[in-house]
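Hydrogens, waters and symmetry mates are skipped; everything else that's a heavy atom, side chains included, is used. What you see is a predicted model; the values in this text were computed from it and never measured.
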Amino acid sequence: MTQWVLSGFGDEIDPDPVVQLAVLAALGARHLELRSAWDVNVVDLDAGQLDTIAALLAERGMAVSAIASPIGKVDIADDPAGERARLDKAIAAAHRLDCRYIRLFSFYRAAGSTAHDIRDEVLRRMREWATVAEREGVTLLHENEKEIYGDTPDRVRDLVESVGSPALRVAWDNANFVQVGVRPFTDGYAMLRPYLEYLQVKDAVAATGAVVPAGHGDGELRETLTALRDDGYTGFASLEPHLALQSATGGFSGPAAFGRAARAFAALTESIGVDTR
């Protein structure tokens with residue numbers, strides 16, 4: 001049976017990492033995707049807080065699948081030094097927590113401007129970041145967040161291929177594609193599969209943009225998961241349900257809704273012969 005590694009955004013469950021890890025473990029996950037703890041973003045956690053998280057993980061035999069940073073989720077006109085500083089902090093967190101992956105984004109733009117207007121600057125910064133990542137031994141995962149440069153499959157491919165670094169890969173999010181009018185599997189899977197290295201699990205309804213559990217929306221989850229199985233994917237599948245709250249900075253579900261999202265995903269994977277336990 002094909003096996004994928006289950007993870008999840010702990011701060012979708014609770015601000016307290018003890019609760020985050022307890023719920024994830026109860027759902028069969030041995031990994032945490034770290035976006036925040038104690039209501040502090042991962043790039044703002046100090047050394048002592050990172051040490052505490054490392055100890056909690058070690059006590060439970062768990063690990064971090066990715067540093068879910070907010071890097072690049074800002075206007076392209078903002079000071080680039082600020083994002084570079086946040087990258088350095090994300091890399092430090094990844095090293096401390098023995099984690100390979102760092103999620104990031106490819107910038108918002110001013111009203112009235114186009115994706116083409118910011119392309120050159122986006123690529124310049126991404127090349128710089130990828131060079132740093134190569135040196136530091138980490139892999140950057142670009143997430144297709146709505147309203148950034150790389151929010152559609154063609155621009156995600158442009159970004160990854162133009163940068164041309166093994167340290168820049170794709171974190172695939174079906175729901176985010178739906179929210180920009182894309183049919184994820186139909187319009188984007190074949191285009192992006194060569195670069196797809198991480199799966200973020202949520203679904204959305206095309207008519208409203210509402211986020212729903214996997215398989216309950218228009219995100220073509222079954223088609224996507226089946227193709228990944230057939231392609232030999234064996235990486236992480238990280239739950240990011242957004243069932244109670246969704247905002248530009250993240251989302252929240254709470255323990256009960258997070259469990260509902262996990263069960264919906266498990267029903268899908270079990271039905272196609274994929275084990276995530």
Side-chain angles (χ1 to χ4, degrees), residues 1-9 24 27-33 62-68 94 98-104 130 133-134 137-144 150 152-178 182-204 213-241 261-277:
M1 178 177 282
T2 299
Q3 188 156 21
W4 299 343
V5 184
L6 186 65
S7 185
F9 283 67
L24 286 167
L27 294 170
R30 307 306 301 171
H31 287 79
L32 161 74
E33 183 154 354
M62 298 178 73
V64 172
S65 62
I67 301 298
D98 195 23
C99 170
R100 172 185 174 187
Y101 292 121
I102 297 173
R103 179 198 68 164
L104 43 61
E134 288 179 32
V138 297
T139 299
L140 307 178
L141 297 171
H142 175 272
E143 178 182 342
N144 53 290
T152 59
D154 59 326
R155 288 200 292 268
V156 174
R157 179 176 63 179
D158 174 46
L159 182 66
V160 176
E161 291 185 349
S162 296
V163 170
S165 169
L168 178 62
R169 287 294 178 261
V170 169
W172 172 281
D173 189 309
N174 292 70
N176 290 353
F177 277 138
V178 171
V182 169
R183 298 169 299 170
F185 179 76
T186 302
D187 300 336
Y189 183 82
M191 185 185 304
L192 295 179
R193 179 62 184 96
Y195 314 109
L196 194 164
E197 197 155 327
Y198 196 94
L199 178 64
Q200 291 182 192
V201 181
K202 60 180 184 288
D203 204 345
H216 292 249
D218 299 303
E220 300 183 319
L221 261 295
R222 179 176 292 277
E223 295 91 336
T224 303
L225 301 180
T226 301
L228 284 169
R229 177 203 66 191
D230 294 345
D231 287 346
Y233 180 77
T234 56
F236 289 106
S238 183
L239 300 165
E240 188 189 13
R263 290 188 292 275
F265 181 60
L268 272 178
T269 53
E270 288 169 9
S271 73
I272 63 169
V274 172
D275 183 9
T276 59
R277 293 170 295 176

J.: Who passes side chain to side chain donor-acceptor pair (under 3.5 Å) against Asn144, sequence neighbours left out?
T.: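 Checked Asn144 against side chain to side chain donor-acceptor pair (under 3.5 Å); zero matches.
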J.: For Thr226 and Glu223, indicate whether the former's side chain and the latter's backbone hold a donor-acceptor pair under 3.5 Å.
T.: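 Not confirmed, Thr226 side chain does not pair with Glu223 backbone.
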J.: List in chain and number order the residues that pass side chain to side chain donor-acceptor pair (under 3.5 Å) with Asp218, two or more places apart in sequence or in another chain; answer none if no residue qualifies.
T.: none
J.: I'd like to know if Arg100 and Glu197 make a salt bridge, using a cut-off of under 4.0 Å between side-chain N and carboxylate O.
T.: yes
J.: Could you state the interatomic distance from CG (Leu168) to CD (Glu161), rounded to the nearest 0.5 Å?
T.: 11.0 Å
J.: Can you tell me how far the CD atom of Glu220 sits from the OG1 atom of Thr186, to the nearest 0.5 Å?
T.: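 If we round to the nearest 0.5 Å, Glu220:CD and Thr186:OG1 are 3.5 Å apart.
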J.: For the pair Asp203 (side chain) and Gly217 (backbone), establish whether a donor and an acceptor sit closer than 3.5 Å, ignoring hydrogens and angles.
T.: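 Side chain of Asp203 to backbone of Gly217: a pair is present.
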J.: Find out whether Arg30 and Val5 are in side-chain contact, i.e. whether some heavy atom of one side chain is under 4.5 Å from a heavy atom of the other.
T.: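 Of all side-chain heavy-atom pairs linking Val5 with Arg30, none is under 4.5 Å.
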J.: Answer yes or no: is there a side-chain heavy-atom contact under 4.5 Å between Phe265 and Leu27?
T.: no
J.: State, with a plain yes or no, whether a side-chain heavy atom of Leu192 is found less than 4.5 Å away from one of Arg157.
T.: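 Yes, side chains in contact.
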J.: Which residues pass the side chain to side chain donor-acceptor pair (under 3.5 Å) test with Asp154, sequence neighbours left out?
T.: Thr152
J.: At what distance, to the nearest 0.5 angstrom, does CG of Leu24 lie from CG of Leu6?
T.: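 Going from the CG atom of Leu24 to the CG atom of Leu6 covers 7.5 Å.
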J.: Kindly write out the residues that satisfy ring pair (Phe, Tyr, Trp, His ring centres under 6.0 Å) with Tyr233, not counting sequence neighbours, or none if the list is empty.
T.: Trp4
J.: Is the shortest side-chain heavy-atom distance between Leu228 and Trp172 below 4.5 Å?
T.: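 No, too far: nothing below the 4.5 Å cut-off.
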J.: Less than 4.5 Å apart, side chain to side chain, heavy atoms only: is that true for Val274 and Leu225?
T.: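 Counting from C-beta outward, Val274 and Leu225 never come under 4.5 Å.
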J.: Over all heavy atoms of both residues, which pair between Glu33 and Ser7 is shortest? Give the atoms and the distance, please.
T.: N-OG, 3.3 Å
J.: Does Tyr198 have any ring pair (Phe, Tyr, Trp, His ring centres under 6.0 Å) partners at least two apart in sequence or in another chain, and if so, which?
T.: Tyr101, Phe236
J.: Mind listing the closest non-hydrogen atom pair of Leu141 and Val170 along with its distance?
T.: CD2-O, 4.3 Å
J.: Considering residues at least two apart in sequence or located in another chain, which fulfil the side chain to side chain donor-acceptor pair (under 3.5 Å) criterion with Ser271?
T.: Arg222
J.: When rounded to the nearest 0.5 angstrom, what distance separates CD in Glu270 from CG in Asp275?
T.: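 That separation rounds to 8.0 Å.
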J.: Decide yes or no on side chain to side chain contact (heavy atoms under 4.5 Å, CB included) for His142 and Tyr195, but give the supporting numbers first.
T.: CA-CA 10 Å; His142 175 272; Tyr195 314 109; over 6 Å; no
J.: Pick one: which of Asp173, Leu239, Asn174 meets side-chain contact (heavy atoms from CB on, under 4.5 Å) with Leu199?
T.: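 The passing option is Asn174.
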